[in-house]
Number of protein chains: 2
Amino acid sequence: MARAPWVKTSGGEAGSRRRQRGRIRIEDVAELAGVSAITVSRVLRTPAIVAEDTRRRVDEAVDRLGYVPNLAAGTLASLKSRLVAVVVPTLRSSVYADTIQGLSDELSTAGYHLMVGYSGYSAELELSVFRAFMGRQPEAVVLTGVEHSPALRRLLRKRKLPTVEIWDLADDPIDIAVGFDNFAAGACVADHLAKAGVRHPAVLGSDPAREARAAKRLAGFTARCQARGLRAPVVEPLIDGMSPEEAESGFRRLVARAPDIDGLFCLNDALAIAAIMEARRLSIDVPGRMRIVGFGDFDLAAHVAPRLTTVRVPGHEMGRRAARRLLDRAEGRKRGQRVEDLSFELVQRESA
Amino acid sequence: MARAPWVKTSGGEAGSRRRQRGRIRIEDVAELAGVSAITVSRVLRTPAIVAEDTRRRVDEAVDRLGYVPNLAAGTLASLKSRLVAVVVPTLRSSVYADTIQGLSDELSTAGYHLMVGYSGYSAELELSVFRAFMGRQPEAVVLTGVEHSPALRRLLRKRKLPTVEIWDLADDPIDIAVGFDNFAAGACVADHLAKAGVRHPAVLGSDPAREARAAKRLAGFTARCQARGLRAPVVEPLIDGMSPEEAESGFRRLVARAPDIDGLFCLNDALAIAAIMEARRLSIDVPGRMRIVGFGDFDLAAHVAPRLTTVRVPGHEMGRRAARRLLDRAEGRKRGQRVEDLSFELVQRESA
DNA sequence: TTGTAGGCGTTATCAG
DNA sequence: CTGATAACGCCTACAA
């Protein structure tokens, strides 16, 4: 057997020096089952078109060898990666985690995997994360929000990559948008507070320049307050829009600035809970002296004392819908409506 | 040019019918730069070994064409995927999100990407998620906890995949473990409560059968209570160990069962916060009549009223350390200690 | 420092 | 329904 070591061998022998020792290839399965490689491939991907008997033999060989298809090879050959790239602002917020689980639930049953990255609320970082992902040939992209670097928009449109923007509605989506109306949500909170008799509203939340969606809620809230003739809201922006730390001190500044505030809209529930707690420390009665509304309906919202009135958003559902739209597209169906507007809901509890 | 359409062409021409229209290959860059493909590859991966001038020409060509290397091809050729598979119990808990960000922070600078999946606290699901990931040829694996399906352990050891188990310490890790001592953490809480004068302790938390790490905290707590001569803890297990909903009703059951409870250990902060809130509703003074300690030091813990005494765990740090160990290994360094014990810390605030 | 040859494991294509 | 053949795009090994 004086054969050069790199000569292609058909299975169990020493094999080429590049092949990974012990890796089982489709070829090995084929040999054991007494069929060709392509038949094994068919059994794995489209069993319906393979004869019953052949299929059984192949399945058995697969089991016996513990064969796992090499998807890198598959991707290369088929130009299909079965990979979806997702970029969210942060993983630390449970709201995006829900959306990711929604995406994953729906996509994994269809055999797709998720690559998840985070942008830290920066369009630049988003672009660079995305660039890094591109090399893996994702078949679709999910982005958060509708504000992106122009370079990214161009890239996506040029490549015609199916793209879903979630958590917001776009006038002119890159491709598809699945979200809800943040402006309307803000307005809805203003309505609720106004009806409850609030005259001097305030807002505690993220820096509008950093978080576009929170800024829209703020804008909707402010506009509606004005329309209803309330005093213009006192706004206390925070650097980190999710930090209870900042919410606590921000709340104190707010009361110092305008002691007559009788209604507070917190741009998310983490802030709202922190505010309720600080109100208690300052002996400000909620909702007696001040009504407080949050946003997001986090798990704890229903359980703090007083229970938090807040806006419930379809986090998980957005993920599922986005996934569905992508799968429809992958299966060649047409795009349908470009913007899908899911609904939010004001959940009235005790705090307002 | 009566050339068959599938003849390999060198770039701009019609090309084979399988090639994706408009995709730019390394070959195209090479042609534009007037070098060979392998030189382009070197410029991208090991610029140091390429002549200054050549490098510049190649970089320019890359920019001009907007070339993005196809990592599926790279993976296939090099047998290196630059992919790390991570499985956590759930994405909904911020504690694992921290760890994932820690992993990602460290690995992404080294050019690795993360595939993240979740097991829902089930060893079976963990295995199936992992199986799905295997096809992408991950170079390393990160698992949560030390309880895994035997099939998974076998698989990992056989393939010699670098594996880190996080969030717990193992007697016999599959490969490497980076975590902290959950048993000791529970004991530490018992010490704290005992020193504060607690005599009738209780525990609120997840079903020990479902969550091994929480079960260890419980075991440590119970053992230490006994050692210190306290009454055996009254335990109220919850089905979903992260649910404030269940915590609220569980707390009520607890007080009904044993009205003289004067110290409560909640197996995580979400439960602890819910318990504090329910205590307020029941007019049970915390810490006056009952001391409450949480676990995890969630963002809100420091801001509820009363501020929550809890155990801080190194979530982000575990991710970073795990990543470092993996990178060390990838760079051929030896494994070092098999079990790395990071420290936790009891943070005393107002609730106990 | 750069290039040539050929393989990595799979699937598209077309023929039987 | 099954198989032979040739890509897919890049990188390792070796040569120059």
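These numbers were taken from a predicted model, which means no experiment stands behind them. Hydrogens, waters and symmetry mates play no part in the numbers below; they use all other heavy atoms, side chains included. Just so we're on the same page: letters track the sequence lines, and every chain starts at 1.
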Item checked: Partners passing salt bridge (charged side-chain N to carboxylate O under 4.0 Å, His left out) against B:Asp168 (at least two apart in sequence or in another chain) -> B:Lys216
Over how many whole Å does the gap from [X] atom [atom1] to [N] atom [atom2] extend?
| X | N | atom1 | atom2 | result |
| --- | --- | --- | --- | --- |
| B:Gln137 | C:dT10 | CD | P | 8 Å |
| A:Glu31 | C:dG9 | CD | C1' | 15 Å |
| B:Asp28 | D:dG9 | CG | P | 9 Å |
| B:Arg25 | D:dG9 | CZ | P | 6 Å |
| A:Leu79 | D:dC8 | CG | P | 9 Å |
| A:Ile26 | D:dA4 | CD1 | P | 14 Å |
| B:Glu52 | C:dT2 | CD | C1' | 16 Å |
| A:Ile24 | C:dG9 | CD1 | P | 12 Å |

Next item on the list: Mind checking ring-ring contact (aromatic ring centres under 6.0 Å, His included) for A:Tyr96 and listing every partner two or more places apart, or none if nothing turns up?
Entry: A:Trp167
Applying side-chain hydrogen bond (donor to acceptor under 3.5 Å, both in side chains), name anything that partners [X], two or more places apart in sequence or on another chain.
| X | answer |
| --- | --- |
| A:Arg56 | A:Glu52 |
| B:Arg153 | none |
| A:Glu340 | A:Arg321, A:Arg325 |

Check: Quick one, which residues of residues 62-73 of chain A touch DNA chain C with a heavy atom under 4.0 Å?
Finding: A:Tyr67, A:Pro69, A:Asn70, A:Ala73
Notebook entry, point to check: Which residues, if any, of residues 41-51 of chain B bring a heavy atom under 4.0 Å of DNA chain D?
Noted result: B:Ser41, B:Arg45
Check: Side chain of A:Ala37: nearest nucleotide among D:dC11, C:dT11, D:dC8?
Finding: C:dT11
Note to self: Any non-hydrogen side-chain atom of A:Asp28 less than 4.5 Å from a side-chain atom of A:Leu32?
What the structure shows: no
Check: Quick one: ring-ring contact (aromatic ring centres under 6.0 Å, His included) pairs with a partner in residues 131-154 of chain B, sequence neighbours left out?
Finding: A:His113-B:Phe133
Margin query: With a cut-off of less than 4.0 Å, is there a side-chain N or O of B:Thr54 near OP1 or OP2 of C:dT2?
Written below: yes
Next item on the list: Look at A:Ser36 and D:dA4 and indicate whether a side-chain polar atom (N or O) is within less than 4.0 Å of OP1 or OP2.
Entry: no
Next item on the list: Before accepting this row, confirm whether a basic side-chain N of the pair A:Arg157/A:Asp175 lies closer than 4.0 Å to the acidic partner's carboxylate O.
Entry: no
Notebook entry, point to check: How would you list all residue pairs meeting side-chain hydrogen bond (donor to acceptor under 3.5 Å, both in side chains) that involve residues 59-75 of chain A, not counting sequence neighbours?
Noted result: none
Notebook entry, point to check: Base, sugar-phosphate, or nothing: which does B:Ile38 touch, judged by heavy atoms less than 4.0 Å apart?
Noted result: base
Check: Contact class for B:Thr75 vs. all strands (heavy atom < 4.0 Å): base, sugar-phosphate, or nothing?
Finding: nothing
